[in-house]
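Read the structure below first, then the notes.
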Amino acid sequence: MLLKGETSDWEMVIGLEVHAQVVSKAKLFSGAATDFGAEPNSQVSFVDAAMPGMLPVINEFCVEQAVRTGLGLKAKINRRSVFDRKNYFYPDLPQGYQISQYKQPVVGEGEVLIDLPGGESAVVGIERLHLEQDAGKSLHDQHADYSYVDLNRSGVALMEIVSKPDLRSADEAMAFLAKMRSILRYLGTCDGDMEKGSLRADINVSVRRPGEPLGTRCEIKNVNSIRFVMQAIEFEARRQIEVIESGGKIVQEARSNPGSVPSIFSDHPPTPDRIIKAEKEIKTLLPQKSEYLVSTSEFSDMKTRLEGVMSMRKKMEKDEAGPTLRKRQPKTTTSPSTQPSGQQTPGDDKPPVLQRRD
Ligand code: ADP
Ligand code: MG
């Protein structure tokens, strides 16, 4: 879809990062429960509270859920994946870092077929899926002068599913998120409940004149309703067009999340000799494994157990509109519509929550 500006037509380019809470009784690196709505701080192990010396141990069921999702996204399953520390300072992150996968995620490239108005379909590329820990939650409404922290969510497993910048309109982005939600629900790997925060998306938006290289993107964090996807994208695209047409430049940034702090992976941390020495000593004491290896027998075992997934996926596609691949035909509109186009879910119209989640 093309948007009309003052000086030319503009094409929107959109990519989504979807955060899906993994359906699992226990957290990603601890045995604590994950039930929604439990008494604050009643589901917190020493690992989740980041007590010194605690050893995170991977929950293999979460890895299996990620593999199952990867198969449902027709994606490459990486036999070897690696966990890294992504450093942040936040009151609801007692470790001071999030354990996440960075350069070697558990799932690689895949694709999703989306259905568009008028019976057309389009293929949207998946860049990767990785596993990571969720953070706790700051509670600002419990006391007039203080904020409290609930660590029940601390350490809960999330899948971050990153799309390629293949989406060209707010409608396509909504269709993608809706399709992603139904795939996750079919597979039973995420309950898809956006109201509970089990599914939320960061939306990357840029604009360009048709045929030009990709423009600079801005990221709208933590969108937790499909309806808001529409409003956020159209608002952001309009803003960027106005900036560029009046001679300005788009600065890459996270909009609507002013409190965000840049995160740093510890690929090349400043390491004075003392720290290196201490690290070596600690390594010999703790059998900490940051690498997750699936052995051949585990993999074939997993494959047998996941056999149903591919046939389920095929059935699902058959049930839906036939995969007639659409050619992208730019359509011109003079102004963005402000009404959601019928894809909204009941009660699914909350404003975005301004929180950091990556
Ligand atoms: P980061 O961690 O910096 O957000 P990711 O690789 O996790 O980077 O996500 C980048 C997201 O931005 C992807 O969903 C991708 O499709 C999207 N994206 C990349 N380039 C553009 C662009 N020029 N315009 C819009 N979206 C983009
Ligand atoms: Mg991101």
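We're numbering straight along the sequence, starting at 1. Order of listing sets the numbers, starting from 1, for every ligand and every atom in it. Worth saying up front: this structure is predicted, and the values here are computed from it rather than measured.
Heavy-atom contacts from other residues, nucleotides or ligands closer than 6.0 Å to CD of E6 number 12 or fewer.
In terms of polar-atom proximity, defined here as any N/O pair under 3.5 Å, P165 does make such a contact with ligand 1. Considering backbone and side-chain atoms together, I14 places no N or O closer than 3.5 Å to any N or O of ligand 1. Between T216 and ligand 1, not a single N/O pair is under 3.5 Å apart. Considering backbone and side-chain N/O atoms, S163 comes within less than 3.5 Å of an N/O atom of ligand 1.
Checked against ring pair (Phe, Tyr, Trp, His ring centres under 6.0 Å), H143 has the following partners two or more places apart in sequence or in another chain: Y146. With sequence neighbours excluded, the residues that form a salt bridge (charged side-chain N to carboxylate O under 4.0 Å, His left out) with R209 are E212.
Between atom 8 (O) of ligand 1 and the options H130, R217, E219, Q252, the minimum heavy-atom separation is to R217. Across A201, C218, G215, heavy-atom proximity to atom 23 (N) of ligand 1 is greatest for G215.
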Discussion item. I'd like to know whether T216 forms a side chain to side chain donor-acceptor pair (under 3.5 Å) with Q252, so could you lay out the CA-CA distance, the side-chain angles of the two residues, the decisive distance to 0.1 Å, and finally the verdict.
Written reply: CA-CA 6 Å; T216 305; Q252 186 169 335; over 6 Å; no
Discussion item. Side chain to side chain donor-acceptor pair (under 3.5 Å), that's the test. Do S45 and D48 meet it? Break it down for me.
Written reply: CA-CA 5 Å; S45 74; D48 312 321; 3.0 Å; yes
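Within the listing of ligand 1, atoms 22 (C), 23 (N), 24 (N), 25 (C) sit less than 4.0 angstrom from a heavy atom of S206. Residue contact check: V162 has heavy atoms under 4.0 Å from atoms 9 (O), 13 (C), 14 (O) of ligand 1. Remark: ligand 1 atoms within the under-4.0 Å shell around heavy atoms of L16 are 14 (O). Of all atoms in ligand 1, listed by their number and element, those nearer than 4.0 Å to a heavy atom of K164 are 16 (O). Atoms of ligand 1 found under 4.0 Å from any heavy atom of V13, numbered from 1 in the order shown, are 24 (N), 25 (C). Near L214, with a cut-off below 4.0 Å to any heavy atom, the atoms of ligand 1 are 23 (N).
Geometrically, K86 does not engage Y97 in a cation-pi contact defined by less than 6.0 Å to the ring centre and at most 45° from the axis.
Checked against a 6.0 Å centroid threshold, the rings of F83 and Y102 do not count as neighbours.
Using a 4.5 Å heavy-atom cutoff, the side chains of V106 and Q101 are in contact.
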